[in-house]
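Numbers for residues simply follow the sequence, beginning at 1. Fair warning: this is a prediction, and the values are worked out from it, not measured in the lab.
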Amino acid sequence: MSHSFTAPWWARNPHLQTILPVLTKVPRPKLQRERLELPDGDFLDLDWQQTPANGEPVLVLIHGLEGSAQSHYARRMLLECRNQGLATVVHHHRSCSGMPNRLPRSYHSGDTEDLAFSLRHIASRFPHSPLLAVGYSLGGNVLAKFQGEQGEHSPLTRAAVVSAPLTLSACAKRLEKGFSRVYQSYLLRQLQQKLRAKIANPAMQMPVAADKVDSLNTFKEFDDKVTAPLHGFTGVDDYYHRASGLPFLGRIASPTLILHAADDPFMTEAVIPTQAQLSGAVHYELYPHGGHVGFIDGGHPFKPRYFLERRVLAFLTDRS
């Protein structure tokens with residue numbers, strides 16, 4: 001299904017679509033932090049831009065791998081929500097708010113329990129406010145899986161999923177090839193840095209030794225030796241199978257937009273669902289161009305214009 005996105009002639013390269021947004025300056029949002037204590041002794045941080053009044057909706061942003069409220073896509077969405085007067089809060093995955101989390105475990109691509117905890121808290125604070133959500137990349141996979149798990153019991157009125165790696169094993173393989181290895185290397189360095197800090201803490205029982213960290217140079221290796229054992233999976237194949245969002249799309253019961261670009265350098269065709277895999281509540285849009293969380297549709301290289309915020313907010317506010 002196509003809506004209205006067309007990449008300009010100068011932005012049809014998938015890597016430009018992916019990298020230029022990271023390099024483009026976006027004003028730093030003014031946010032108020034709220035800390036949620038978790039039953040297992042860890043915590044989650046929520047960053048509020050504006051709280052709702054008189055039953056107005058709340059938009060929850062769910063960032064991607066090693067992202068935060070300061071990621072380029074989060075900043076742009078926060079800016080647009082501020083301009084529209086929409087209450088907005090960023091759900092940070094454990095260890096991603098700028099503060100290390102307390103436990104050996106952190107977060108993963110299928111971790112819907114922490115998101116559920118945040119949403120329950122927000123709903124209890126603002127019981128008359130409809131809840132909306134948008135998830136990006138890893139956060140999009142988490143959101144898609146959550147929506148499928150919850151089905152008709154989802155607390156979300158509407159949701160949007162952007163550039164989600166809905167088939168984790170295929171995406172891990174894709175990131176081992178060609179220029180995509182640059183993205184893998186960049187993200188793994190951040191994960192390795194956090195891993196080393198935890199290994200250096202005598203109170204942390206980690207599944208690998210410090211001298212093995214540098215050898216974990218693909219996502220599959222890192223996920224097999226670190227992510228899987230820390231989060232209760234038997235290995236990387238079990239993790240990728242159980243955490244991938246694609247099998248959950250048919251169970252989604254509340255309106256959910258899913259956006260993919262066919263040239264996304266983090267993905268393969270394996271993430272693209274068939275019509276039979278989608279419930280009637282899913283609005284799926286696949287575009288030829290757009291890269292990974294890019295979707296530049298105009299402007300010029302020094303001041304690009306983006307499709308994402310317009311499309312996502314139009315869907316979430318039920319304007320199209």
Polar side chain donor-acceptor pair, [X] to [Y], under 3.5 angstrom:
| X | Y | answer |
| --- | --- | --- |
| Ser185 | Arg189 | yes |
| Gln184 | Thr218 | no |
| Tyr73 | His63 | no |
| Ser180 | Arg174 | yes |
| Tyr239 | Ser109 | yes |
| Asp223 | Tyr240 | yes |
| His92 | Tyr107 | no |

Minimum side-chain heavy-atom gap [X]-[Y] below 4.5 Å:
| X | Y | result |
| --- | --- | --- |
| Leu132 | Thr157 | yes |
| Val161 | Gln147 | no |
| Phe179 | Pro265 | no |
| Phe5 | Glu285 | no |
| Leu23 | His72 | no |
| Leu308 | Val293 | yes |
| Val271 | Cys171 | yes |
| His91 | Leu46 | yes |

What's the separation between atom [atom1] in [X] and atom [atom2] in [Y], rounded to the nearest 0.5 Å?
| X | Y | atom1 | atom2 | result |
| --- | --- | --- | --- | --- |
| Leu115 | Arg120 | CG | CZ | 9.5 Å |
| Leu31 | Asp45 | CG | CG | 11.5 Å |
| Phe307 | Leu259 | CZ | CG | 6.0 Å |
| Ser279 | Glu152 | OG | CD | 12.0 Å |

Starting from [Y], can I reach [X] by hopping between I/L/V/M/F/W/Y residues whose side chains sit under 4.5 Å apart?
| X | Y | answer |
| --- | --- | --- |
| Tyr186 | Leu20 | no |
| Phe146 | Leu36 | yes |
| Phe248 | Leu168 | no |
| Val162 | Leu16 | no |
| Met267 | Val182 | yes |

In sequence, state the C-alpha distance, the side-chain angles, and the governing distance for Arg310 and Asp297, and then conclude on side chain to side chain contact (heavy atoms under 4.5 Å, CB included). CA-CA 11 Å; Arg310 299 195 313 275; Asp297 72 346; 2.3 Å; yes

If I compare all heavy atoms of [X] with all of [Y], which pair ends up nearest, and what's the gap?
| X | Y | value |
| --- | --- | --- |
| Leu65 | Leu138 | N-CB, 3.7 Å |
| Ala123 | Leu131 | CB-CD1, 4.0 Å |
| Ala144 | Leu166 | CB-CD2, 4.0 Å |
| Pro29 | Ala69 | CG-O, 4.4 Å |
| Leu313 | Thr317 | O-OG1, 2.5 Å |
| Trp10 | Pro304 | CH2-CB, 4.2 Å |

Do other residues, nucleotides or ligands put more than 12 heavy atoms under 6.0 Å from the [atom1] atom of [X]?
| X | atom1 | value |
| --- | --- | --- |
| Lys173 | NZ | no |
| Glu113 | CD | no |
| His241 | NE2 | no |
| Arg28 | CZ | no |
| Glu176 | CD | yes |
| Gln32 | CD | no |
| Lys220 | NZ | no |

Please answer whether the main-chain N or O of [Y] pairs with a side-chain N or O of [X] as donor and acceptor at a distance below 3.5 Å.
| X | Y | answer |
| --- | --- | --- |
| His260 | Ala164 | yes |
| Arg76 | Val26 | no |
| Asn141 | Ala243 | yes |
| Ser154 | Gly151 | no |
| Gln205 | Pro104 | no |
| Thr88 | Leu78 | no |
| Lys198 | Leu103 | yes |
| Glu56 | Pro52 | no |
| Asp263 | Gly291 | yes |
| Lys225 | Leu216 | no |

Reference residue His108; test side-chain contact (heavy atoms from CB on, under 4.5 Å); the match among Arg94, His93, His231: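 It is His231, the one option of Arg94, His93, His231 that forms the side-chain contact (heavy atoms from CB on, under 4.5 Å) with His108.
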
Derivation and outcome, salt bridge (Lys or Arg N to Asp or Glu O under 4.0 Å), residues Arg105 and Asp42: CA-CA 10 Å; Arg105 65 149 294 179; Asp42 217 334; 5.6 Å; no

Would Asp40 and Arg102 satisfy salt bridge (Lys or Arg N to Asp or Glu O under 4.0 Å), going step by step from the backbone distance to the final call? CA-CA 10 Å; Asp40 64 5; Arg102 300 172 187 144; over 6 Å; no

Quick one: do Leu59 and Cys81 satisfy side chain to side chain contact (heavy atoms under 4.5 Å, CB included)? Show the steps, please. CA-CA 9 Å; Leu59 174 57; Cys81 288; 3.6 Å; yes

Check for me whether Arg311 meets the cation-pi criterion with Phe295, that is, NZ or CZ under 6.0 Å from the six-membered ring centre and within 45 degrees of the ring axis. no

Which is it for Glu34 and Arg125 under the side chain to side chain contact (heavy atoms under 4.5 Å, CB included) test, yes or no, and what are the steps along the way? CA-CA 12 Å; Glu34 179 182 15; Arg125 278 194 66 188; 3.0 Å; yes

Stepwise side-chain hydrogen bond (donor to acceptor under 3.5 Å, both in side chains) test for His292 and Ser137: CA-CA 8 Å; His292 188 69; Ser137 195; 2.8 Å; yes

Decide side chain to side chain contact (heavy atoms under 4.5 Å, CB included) for Leu38 and Asp114; before the verdict, give the C-alpha distance in whole Å, the side-chain angles of both, and the deciding distance to 0.1 Å. CA-CA 9 Å; Leu38 294 169; Asp114 283 356; 4.1 Å; yes

